[in-house]
Chemist: 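Questions regarding the structure given below will be posed in turn.
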Amino acid sequence: MRPPTAGEAAAAALAAPLAAWAGFVAAPALDGGGSLASLIAAFSDPFSTKPTAGGARWALLFLVLYAACAAAWLLTRRNLRPGEEHGSARWATLKEMAAYADAKDPDNNILLTEHSAIRLIDHSHDQKTETNNNVLVIGGPGTGKTRYFVKPNLMQANANFFITDPKGTLIHDMGHVLEAQGYEIKTFDTIDFKRSLHFNPIAYIDSEAAILRFVECLVRNTTGDDQHAGDPFWENAEKLLYTALISYLLLHCPEEDRNIPGLLTLLNMADAREDDEDYMSPLDMLFNELETGERLVRKADASAFDPSSRAFDNGNSGFEWVRVAPAVRPEDDFSLSSYKQFKVAAGKTLKSIMVSCNVRMKPFDIAEMKELLAYDEMDLAHMGDERRRVALFASMSDTDSTFDFVFALLMQQALDTLCETALTRFSGRLPRCVHFVFDEFANIGTIPDFERMIAVTRSRNIAVSMILQSLSQLDEAYGENNAKTIVNACDTLLFLGGKSSDTNQKIADMIGKQTVSNVSVNDSRGANPTYTHNYGLIERELMQASEVARLPRDEALVLINGAQAFKDKKYPLGSHPRHRLLERAEKSGPFDFRAYRARREAELMEA
């Protein structure tokens, strides 16, 4: 039983005058004995009825009877949903799924399965089928995440691409395909440094807030001194030092020094003495010069110390403070204020912080890595330009996580830069969509505030596809609450199969429950045997967690926000309209980036 709605109550009230009028029309027939023939005659021509003495009485009686019936109907209504008493889940039909794809322009689709896709750029803005461009792909090892999702969508050539390549092999397969479609191929490769372009993350920092985001990403994806790992005090102290050094690079150093090697140089100048609080390291002198405007320089008349002399000025210091610039107040300089906050700690504490900083930054100190990060060739800010066709492959080792932090910096800088570019250059939306395809998303570092960023990427014309082996990976990398936020920000979930019981149960819960008929049999033996059948309705998950785990390896599940779940065959790569490009690429052998770059430089020289 449910209470009447406002509309139902209003409709009942509006019908009350009709009941009273019916009593007035029937009054002459009822006063005359109320035969059926007289009632039919009265209502066959109701407008010719003449008033009678009993008309008001019959009108009131009809009105009272109507009110009683209406009240009984309104107050005893049951909320019946035949066939949906315990759940309404069912499998979506091909027709229902077709509504989410762009039938007029097949290239304007993110491919999901053989018969399902979603529009990349939604020109129709149909609220019933409009989705954001965030796709969460889940599949265990060997379920075909690359073959059935990544490769088909790269072959769509409908956006500029940023692709993480944990195995380092995707560029070998897809480089020729994308080059044939006019794409400029870029790669950041820590497997073979020689075939990688250079990336300078500091080149993309243009504000104090950007400095803080960069430092947060750096600390979150690297490991400091084991003795203090995970301690907020030590990590926050380290952040102050990194903030001061990066700010100093950006505000007071020439452009050629604004890079990771420059940061390491400043860090190597830091020192502290436990037994001498007044000791000034070379880094202290830099910031002292900034604050006071004075620099310690050698005197022109300096003399060396003579052990045999007893003169008062024997071996004078040889140095003096000379004013070289105006003094700066800490509140007027972000680097100076950060450094003075860092220097509040005692000498022993400062020493420990610096040790932790050096441990954290040690992977940057490798010669190949310093060379890789010395300057920038990525040009991330222009990936969304209208006339650009760019595919950037970030290739890393899937067995060695030493340099994963660099990829976290690259992903964070790319997203930050493109979101900022969309706002500052293009009134909030990039002219050309940039599709981030994050393979092994949970294993390639953590992007700070990603749960907030992914909520706004659609409005910036940025699509994000995250590929995981299980949902628990996301919980571990971003925390349970942030992981839920990220999952909720993805309108589309593609499940390719897996054995994770936790993930399978969550998938089953997302699919929902259905109502099924149930027959229970009761067979009682004895002196008075009985045999009964009881029929009823019960709830059952449309697909139980154990059934999700047994999903055939050639099938996938598609869950789109606002739609019933869809079960379909995985996308057949050989049926893609451009599959011949891939066949041709396979015959050409692995894509050689160094040879490609040499060809491209030769073409630019000729032009």
Side-chain angles (χ1 to χ4, degrees), residues 200-202 205 208 210-253 257-277 279-288 290-291 330 333-374 401-410 412-413 445-446 448:
N200 178 17
I202 296 179
I205 300 176
E208 294 174 359
I211 294 173
L212 297 177
R213 288 196 299 272
F214 172 82
V215 170
E216 179 67 28
C217 186
L218 173 65
V219 171
R220 195 180 290 191
N221 289 282
T222 51
T223 305
D225 183 10
D226 290 341
Q227 193 174 10
H228 304 119
D231 189 327
F233 170 80
W234 298 99
E235 289 189 352
N236 289 334
E238 284 188 60
K239 290 177 185 177
L240 278 176
L241 181 56
Y242 296 135
T243 301
L245 299 185
I246 295 171
S247 302
Y248 188 87
L249 283 175
L250 295 173
L251 297 175
H252 305 292
C253 292
D257 291 334
R258 299 172 192 169
N259 48 33
I260 295 297
L263 176 61
L264 293 173
T265 299
L266 290 179
L267 185 59
N268 289 334
M269 296 169 66
D271 194 8
R273 301 282 172 85
E274 298 180 18
D275 54 350
D276 186 0
E277 296 286 345
Y279 169 74
M280 291 185 70
S281 69
L283 186 62
D284 292 330
M285 290 186 176
L286 274 182
F287 281 97
N288 182 73
L290 182 61
E291 183 177 15
D333 191 282
F334 191 57
S335 62
L336 181 59
S337 64
S338 299
Y339 192 71
K340 291 187 74 68
Q341 291 166 0
F342 165 73
K343 289 288 290 183
V344 168
K348 183 176 181 180
T349 304
L350 289 175
K351 190 75 173 178
S352 298
I353 295 170
M354 291 173 186
V355 169
S356 186
C357 287
N358 282 298
V359 171
R360 189 182 300 278
M361 297 296 290
K362 191 60 182 175
F364 285 109
D365 209 20
I366 298 172
E368 293 90 343
M369 182 57 67
K370 286 200 292 186
E371 165 61 22
L372 197 64
L373 304 178
S401 61
T402 303
F403 301 115
D404 284 357
F405 65 93
V406 187
F407 294 93
L409 293 174
L410 179 59
Q412 186 247 351
Q413 294 288 36
T446 304

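Worth knowing before you read on, the calculation uses all heavy atoms, side chains too, and leaves out hydrogens, waters and symmetry mates.
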Chemist: In the structure I gave you, are the side-chain heavy atoms of L373 and N259 within less than 4.5 Å of one another anywhere?
Modeler: no
Chemist: What pair of heavy atoms forms the shortest contact from S335 to F287, and how long is it?
Modeler: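 Here S335 and F287 meet closest at O-CE2, 3.6 Å.
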Chemist: To the closest 0.5 Å, what do you measure between NZ (K362) and OG1 (T223)?
Modeler: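 Output value for this atom pair is 15.5 Å.
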Chemist: So M361 and L218, do their side chains get closer than 4.5 Å, heavy atoms only?
Modeler: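 Touching, per the 4.5 Å side-chain cut-off.
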Chemist: A side-chain contact here means heavy atoms from C-beta on lying under 4.5 Å apart; do I260 and L372 qualify?
Modeler: no
Chemist: What about F364 and F405, are their ring centers closer than 6.0 Å?
Modeler: yes
Chemist: Contact between P330 and Y339 at the side-chain level, heavy atoms closer than 4.5 Å - yes or no?
Modeler: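 Result no, sub-4.5 Å side-chain heavy-atom pair not found.
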Chemist: I would like to know whether D271 and K351 meet side-chain contact (heavy atoms from CB on, under 4.5 Å); could you show each step before the answer?
Modeler: CA-CA 7 Å; D271 194 8; K351 190 75 173 178; 3.0 Å; yes
Chemist: How many angstroms lie between SG in C217 and CZ in R220, if you round to the nearest 0.5 Å?
Modeler: 8.0 Å
Chemist: Heavy atoms only: give me the nearest R360-V219 pair and the separation to one decimal.
Modeler: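 What the structure gives for the nearest pair is NH1-O, 3.1 Å.
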Chemist: Within the structure provided, determine whether N358 and L267 are in side-chain contact (heavy-atom separation under 4.5 Å).
Modeler: yes
Chemist: Any donor and acceptor pair, going by atom type alone, linking the side chain of N221 with main-chain N or O of L409 inside 3.5 Å?
Modeler: no
Chemist: Please find the pair of heavy atoms, one from G445 and one from A408, that lie closest to each other, and give the distance.
Modeler: CA-CB, 3.9 Å
Chemist: Should the heavy atoms of other residues, nucleotides or ligands under 6.0 Å from NZ of K239 be counted, would the total exceed 12?
Modeler: yes
Chemist: Taking atom OH of Y248 and atom CG of L283, what is their separation to the nearest 0.5 Å?
Modeler: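 Taking OH in Y248 and CG in L283, the distance rounds to 8.5 Å.
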Chemist: On a heavy-atom basis, which atom in R213 and which in P448 lie closest, and how many Å separate them?
Modeler: O-CG, 4.3 Å
Chemist: Without swapping roles, check the side chain of S356 against the backbone of I353 for a donor-acceptor pair under 3.5 Å.
Modeler: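 No; judged by distance alone, with no hydrogens or angles, the pair does not exist.
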Chemist: Minimum heavy-atom separation for A272 and M354, please, with both atom names.
Modeler: N-SD, 3.9 Å
Chemist: For residues K370 and D365, determine if any side-chain heavy atom of one lies less than 4.5 Å from a side-chain heavy atom of the other.
Modeler: yes
Chemist: Considering only heavy atoms from C-beta outward, does the side chain of T243 approach that of F214 to under 4.5 Å?
Modeler: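 No - every pair of side-chain heavy atoms lies 4.5 Å or more apart.
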Chemist: Which pair of heavy atoms, one from W234 and one from S352, lies closest together, and at what distance?
Modeler: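 Closest heavy-atom pair between W234 and S352: CZ3-CB, 3.5 Å.
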Chemist: Using the rule side chain to side chain contact (heavy atoms under 4.5 Å, CB included), only one of V215, L266, I211 pairs with Y242; which is it?
Modeler: V215
Chemist: Are D284 and S281 close enough that a side-chain donor and a side-chain acceptor fall under 3.5 Å?
Modeler: yes
Chemist: Quick one: pull up CG in L240 and CG in L245 and give me the separation to the nearest 0.5 Å.
Modeler: 10.5 Å
Chemist: To the nearest 0.5 Å, how far apart are CG in L336 and CD in Q341?
Modeler: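 One finds 10.0 Å between CG of L336 and CD of Q341.
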Chemist: Are D333 and E291 packed together at the side-chain level, in the sense that at least one heavy-atom pair is separated by less than 4.5 angstrom?
Modeler: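 No, every pair of side-chain atoms sits at 4.5 Å or beyond.
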Chemist: Quick one: CG on N268 to CG on L263, what's the gap to the nearest 0.5 Å?
Modeler: 9.5 Å
